[in-house]
Q: 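Here's a structure for you.
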Amino acid sequence: MTVSSMDARALKLRAMREGEAMCPHRLVLEHVTSRWGVLVLIALEERSYRFSELRREIGRVSEKMLTQTLQTLERDGLVHRDAKPVIPPRVDYSLTDLGREAAEQVRALATWTERRMADVEKARTAYDEARS
């Protein structure tokens, strides 16, 4: 790693920490309501998953994005990572009590979205027709 890339990494890390300090609740909200955060929370609400199982359950998520999402949610105290000292390694992911509470809120929003989708589509059509 070059000195300049180390400097850039340090600056990025510092900026991230400063952003957290200025508005920590907004950052958690972004984590919980991110594209993959929502799907991880909803999936883990049902049961614990191994990484590959969770990836299949969610679908269309890259290994890198799922790893980042799980690490972020674990850091926020929403996901528990249970690494068992066996060969081959076994890692299970589950929700913490805090994560279960967040998942309930996200599930309510997802249910509302499903229930009101016809109204959203109608509004979109009306908007598009008015713009043409």
Side-chain angles (χ1 to χ4, degrees):
M1 188 177 286
T2 66
V3 173
S4 62
S5 64
M6 287 174 56
D7 291 342
R9 190 178 213 184
L11 287 172
K12 184 177 178 181
L13 185 59
R14 190 173 84 202
M16 185 177 76
R17 286 188 180 141
E18 287 173 0
E20 285 179 20
M22 290 180 354
C23 200
H25 64 280
R26 178 181 280 177
L27 194 58
V28 173
L29 184 61
E30 287 176 17
H31 298 163
V32 169
T33 61
S34 71
R35 177 180 185 179
W36 304 116
V38 166
L39 297 176
V40 165
L41 290 170
I42 288 174
L44 290 177
E45 187 180 27
E46 297 170 14
R47 66 179 183 91
S48 65
Y49 281 92
R50 293 179 74 176
F51 184 88
S52 57
E53 292 177 314
L54 184 58
R55 188 168 179 216
R56 279 192 301 274
E57 176 68 21
I58 292 173
R60 296 187 353 211
V61 60
S62 70
E63 191 172 312
K64 178 182 176 183
M65 282 309 304
L66 183 55
T67 298
Q68 288 177 349
T69 300
L70 286 166
Q71 287 173 343
T72 298
L73 294 174
E74 182 183 8
R75 182 172 182 251
D76 288 344
L78 306 176
V79 168
H80 174 70
R81 181 180 184 273
D82 183 20
K84 305 218 183 326
V86 295
I87 297 176
R90 179 182 172 104
V91 178
D92 291 300
Y93 294 92
S94 60
L95 293 178
T96 63
D97 289 341
L98 190 60
R100 188 156 302 289
E101 187 178 338
E104 289 171 8
Q105 301 303 314
V106 169
R107 167 83 62 193
L109 182 59
T111 301
W112 174 86
T113 303
E114 288 173 23
R115 192 177 71 242
R116 300 304 299 247
M117 196 60 214
D119 296 319
V120 170
E121 288 173 352
K122 196 163 127 179
R124 286 177 178 172
T125 300
Y127 178 88
D128 292 345
E129 287 173 356
R131 305 281 278 175
S132 350

Q: Is the number of heavy atoms from other residues, nucleotides or ligands under 6.0 Å of R116 CZ greater than 12?
A: no
Q: What residues, two or more places apart in sequence or in another chain, satisfy salt bridge (charged side-chain N to carboxylate O under 4.0 Å, His left out) together with R107?
A: E45, E46
Q: At what distance, to the nearest 0.5 angstrom, does CE of M65 lie from OG1 of T72?
A: 8.0 Å
Q: Are V40 and L66 close enough that some pair of their side-chain heavy atoms sits under 4.5 Å apart?
A: yes
Q: Within the supplied structure, the quantity of interest is the number of heavy atoms (other residues, nucleotides, ligands) at a distance under 6.0 Å from R100 CZ; does it exceed 12?
A: yes
Q: For the backbone of G37 and the side chain of T69, can you confirm whether one donor and one acceptor N or O come within less than 3.5 Å of each other?
A: no
Q: Mind checking whether V28 and L44 sit in one hydrophobic cluster, side chains of I, L, V, M, F, W, Y counted as touching below 4.5 Å?
A: yes
Q: What's the separation between atom NE2 in H31 and atom CG in L41, rounded to the nearest 0.5 Å?
A: 12.0 Å
Q: Do the non-hydrogen side-chain atoms of Y93 and H80 ever get within less than 4.5 Å of each other?
A: no
Q: Between D119 and K122, does any NZ, NE, NH1 or NH2 come within less than 4.0 Å of an OD or OE carboxylate oxygen?
A: no
Q: To the nearest 0.5 Å, what is the distance between CG on L73 and CD on Q68?
A: 11.5 Å
Q: Rounded to the nearest 0.5 Å, what separates atom CG in L39 from atom CZ in R60?
A: 9.5 Å
Q: Going by heavy atoms in the side chains, are R55 and V61 under 4.5 Å from each other?
A: yes
Q: What distance do M117 atom CE and E121 atom CD have between them, rounded to the nearest 0.5 Å?
A: 4.5 Å
Q: Verify, without hydrogens or angle tests, whether E53 (side chain) and R50 (backbone) share a donor-acceptor contact under 3.5 angstrom.
A: yes
Q: Atom CG of L29 and atom OG of S34: how far apart are they, to the nearest 0.5 Å?
A: 10.0 Å
Q: Applying salt bridge (charged side-chain N to carboxylate O under 4.0 Å, His left out), name anything that partners K84, two or more places apart in sequence or on another chain.
A: D82, D92
Q: Considering only heavy atoms from C-beta outward, does the side chain of V32 approach that of V38 to under 4.5 Å?
A: no
Q: Looking at side-chain heavy atoms only, is the closest gap between V91 and R81 below 4.5 Å?
A: yes
Q: How about L70 and W36: do any of their side-chain heavy atoms sit closer than 4.5 Å?
A: no
Q: Has T96 got a side-chain atom pairing as donor or acceptor with L78's backbone, closer than 3.5 angstrom?
A: yes
Q: So, the side chain of S132 versus the backbone of D128: is there a donor-acceptor pair under 3.5 Å, distance only?
A: yes
Q: L98 and G77: which non-hydrogen atoms are nearest, and at how many Å?
A: CB-O, 3.8 Å
